[in-house]
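Reading through the structure tokens given below for one structure.
All ligand and atom numbering here is 1-based and tracks the order in the structure.
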Amino acid sequence: MRIIVTGGGTGGHIYPALAFINHLKTIEPESDVLYVGTERGLESKIVPAAGIYFKTVDIQGFRRSFSFSNFKTLYKFLKSTSDAKKIIKDFEPDVVIGTGGYVAGPVLYAAAKLKIPTLVHEQNSIPGITNKFLSKYVDKVAVAFEAVKPYFPREKTVFTGNPRAQEVASLEATDILETEYELKKDKKTVVIFGGSRGAQTINEAVKAALPKFAEKDYQLVYASGQIYYDEDYAEFAKYKESANIAIRPYISNMLEVLASSDLILCRAGATTIAEITALGLPTIFVPSPNVTADHQTKNAQALVDIGAAKMIRDAELTAEKMLESISEIFSDESLYQAMSEASKKAGVPDASDRLYQLVKEIKNNE
Ligand SMILES: CC(=O)N[C@H]1[C@@H](OP(=O)(O)OP(=O)(O)OC[C@H]2O[C@@H](n3ccc(=O)[nH]c3=O)[C@H](O)[C@@H]2O)O[C@H](CO)[C@@H](O)[C@@H]1O
């Protein structure tokens, strides 16, 4: 298969794309993949490093309210659509798929206009602006939450789950907490992080809770995000010698860490949710209030409703609430088990297989 994959900006759009590419390569090792992203997005670092052929177009986001910069955006959209057409004609893909983020707009639009089979993948429970726009033009919309289906044309929309889930589902616990975080392998462990770049409210709460964490009989792995790590280094350094606390700016081996831990407290980004549920981990969500249409609250609510997670609103997060909530789950084995089972049920361990079937379907209908 010759395939163009596009999507980016943040990890939440890129990792599902990479997971699908890896899956495709195991099924069809001869397939040719081109990833189209932007120079500014995180994809320009992650994708070439993963050994995937990478090209860029220049695009910026639309403001939801009127703004003069939208004229510039419109110009860039037209220009990037024409650049994308050139890239597509050169590469001659069988299909083009997008995983959201502004860059997917011109690439999928150009592909649809060129009559190439197209698909978008929506990770969230409320659609992003780009996927909503594209849903009129593409052949299929793959979704990771049933709740998002009504936002898209019914006949095109199929539930697949998030491909990242399949990558994670088969992982077993390893020694990583011992070898890379100087913690104990068999102690209960909570992992706390914001989105891929950290989160200020979570950081404030963790900082205030550190003296208490140091006295707990469970362990803490905390990823603060690079910005907060630099700002609060002096505070964090005090806990370097604490036997049950490990603080890092970023967890680069997140999947292994998740697979070796017991409880998560984090933002409610869709890709993080796919990973957590694939592993059947109980979670305390603190949804980001700064995202389009408050979609993280809706992402989190879907898991709270089925008993897989607890939620603390960003505005209500304090050190005390954080510690209380963790203790409540760790101290009640039957609650822990029930949350874990509910989380596992929400996981979609064959998401990549499902997406692959859909991609083959649009390819064969071309
Ligand atoms: C602020 C914002 O617009 N966030 C959106 C963005 O989130 P963002 O890119 O932060 O979101 P996700 O939570 O979906 O994904 C984060 C990814 O980074 C990884 N990770 C995180 C921290 C760390 O230290 N190490 C690490 O590897 C996680 O395991 C996960 O794979 O895209 C998601 C779409 O998928 C949306 O749902 C989020 O609302």
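- Close approach of ligand 1 to Val291 (heavy-atom distance below 4.0 Å) involves ligand atoms 1 (C), 2 (C), 3 (O), 39 (O).
- Residues forming a salt bridge (Lys or Arg N to Asp or Glu O under 4.0 Å) with Glu328 (at least two apart in sequence, or on another chain): Lys310.
- Between Phe91 and Tyr53, the two ring planes are tilted [angle within 30° to 60°].
- In this structure, the salt bridge (Lys or Arg N to Asp or Glu O under 4.0 Å) partners of Arg354, at least two apart in sequence or on a different chain, are Asp350.
- Close to ligand 1: Arg164, with a non-hydrogen atom less than 4.0 angstrom away.
- Using a cut-off of 4.0 Å between Lys/Arg side-chain N and Asp/Glu carboxylate O, Asp232 and Lys207 are scored as salt-bridged.
- Considering both main-chain and side-chain atoms, Tyr15 never comes within under 3.5 Å of ligand 1 through any nitrogen or oxygen pair.
- Checked by distance only, ligand 1 and Thr271 come closer than 3.5 Å through their nitrogen or oxygen atoms.
- The local environment of NZ in Lys345 is sparse, with at most 12 non-hydrogen atoms from other residues, nucleotides or ligands closer than 6.0 Å.
- At most 12 heavy atoms of other shown residues, nucleotides or ligands fall within 6.0 angstrom of atom CD in Glu92.
- Contact atoms of ligand 1 toward Ile251: 23 (C), 24 (O), 25 (N), 26 (C), 27 (O) (distance under 4.0 Å to a heavy atom of the residue).
- Every N/O-N/O distance between Leu255 and ligand 1 stays at or above 3.5 Å.
- Considering only non-hydrogen atoms, atom 38 (C) of ligand 1 lies nearest to Gln296 out of Arg267, Gln226, Gln296.
- Using a cutoff of 4.0 Å between basic side-chain nitrogens and carboxylate oxygens, Glu361 and Lys140 are scored as salt-bridged.
- When non-hydrogen atoms are compared, ligand 1 lies under 4.0 Å from neither the backbone nor the side chain of Arg248.
- Ligand 1 places these atoms under 4.0 Å from at least one heavy atom of Gly11: 9 (O).
- Annotation: side chain of Ile264 is not in contact with side chain of Ile284 (no heavy-atom distance under 4.5 Å).
- The shortest N or O to N or O distance between Thr10 and ligand 1 is under 3.5 Å.
- Of the heavy atoms in Glu275, only side-chain atoms (C-beta onward) come closer than 4.0 Å to ligand 1.
- Among the atoms of Pro249, none of the N or O lies under 3.5 angstrom from an N or O of ligand 1.
- For a threshold of 3.5 Å applied to N or O pairs, the pair formed by Ser252 and ligand 1 contains no separation below that value.
- When only interatomic distances are considered, the shortest N/O to N/O separation between Gly12 and ligand 1 falls below 3.5 Å.
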